[in-house]
Every structure is written in C-alpha cells, then in structure tokens.
Amino acid sequence: AVGCSQKPYYTNTVDADKTDQTICFFEYYKSADGYETGLVTVKNGGHTWPGAKPYLTEKIVGKVSRDFDATAEIWEFFKRHMK
C-alpha cells in the first residue's frame, strides 16, 4: 500500500488444521496516518474460500484451507475500522 511501512507491524503463520495440507501467512501494515492494509497468503490452497465448504471437487478447484475462516477475518478487519 502507498505510504505504508515496509515491514509489517503484525505477522502470524497459522497451520491450525494439519490435515488440509495448507499453511496461512498473515501480514498487516500501517501507514503514518493510521490506515491499515492486510495480506493473507494461503500456501497450497486452491481457488476456494478459506473455512468454507468446497463448492466443487478438490480435483477441479484445489484444496480448501481450514486454517482460518476468511469471512470472520475480513469482518474483524472491518470492525477495527468502523467510523
């Protein structure tokens, strides 16, 4: 993000479900004026929504990460920035 620090203020690696064969990396950055940007990377995940039920077979869309719930993570991000 423009104006954000080069280093994240928060990082975390999550492998909560060892059976899904995915690993999630969380990075959050802040700008000098308080704006926040988040980056979540899912390693070995497919074209799926993390934490959701698969909508097609793994052969077609790949693995679903069970390491976190993407909907809950996005909601928590927006709750922190409500005005």
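Listed by chain and residue number, nothing satisfies the side-chain hydrogen bond (donor to acceptor under 3.5 Å, both in side chains) test with Lys53 (two or more places apart in sequence, or in another chain).
Residues Ile23 and Thr13 are in side-chain contact: their nearest non-hydrogen atoms beyond the backbone lie under 4.5 Å apart. Annotation: side chain of Tyr10 is not in contact with side chain of Lys30 (no heavy-atom distance under 4.5 Å).
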Exercise. Evaluate side chain to side chain contact (heavy atoms under 4.5 Å, CB included) for Val61 paired with Tyr55, printing each intermediate quantity in order.
Key: CA-CA 8 Å; Val61 297; Tyr55 54 94; 3.5 Å; yes
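Taking OH of Tyr9 as the start and SG of Cys4 as the end, the distance is 10.0 Å to the nearest 0.5 Å. In this structure, OG1 on Thr11 lies 11.5 Å from CG on Leu39, to the nearest 0.5 angstrom. To the nearest 0.5 Å, atoms CZ (Phe77) and NE2 (His81) are separated by 4.0 Å.
Outside the 6.0 Å centre-distance limit, the rings of Tyr35 and Tyr29 are not counted as a close aromatic pair.
When all heavy atoms of Arg66 and Ala52 are compared, the closest pair comes out as NH1-O, 2.7 Å. Between Gly51 and Val64 the shortest heavy-atom distance is N-CG1, 4.2 Å. A pairwise comparison of heavy atoms in Ser65 and Val42 identifies CB-CG1, 3.8 Å as the closest pair.
Between Phe68 and Phe26, the ring planes are perpendicular. Angles over 60° get that label, and only those under 30° would be called parallel.
Here salt bridge (charged side-chain N to carboxylate O under 4.0 Å, His left out) pairs that include residues 8-22, with residues two or more places apart or in two chains, are Asp15-Lys18. For residues 39-49, the pairs satisfying side-chain hydrogen bond (donor to acceptor under 3.5 Å, both in side chains) are Trp49-Thr71, with sequence neighbours left out.
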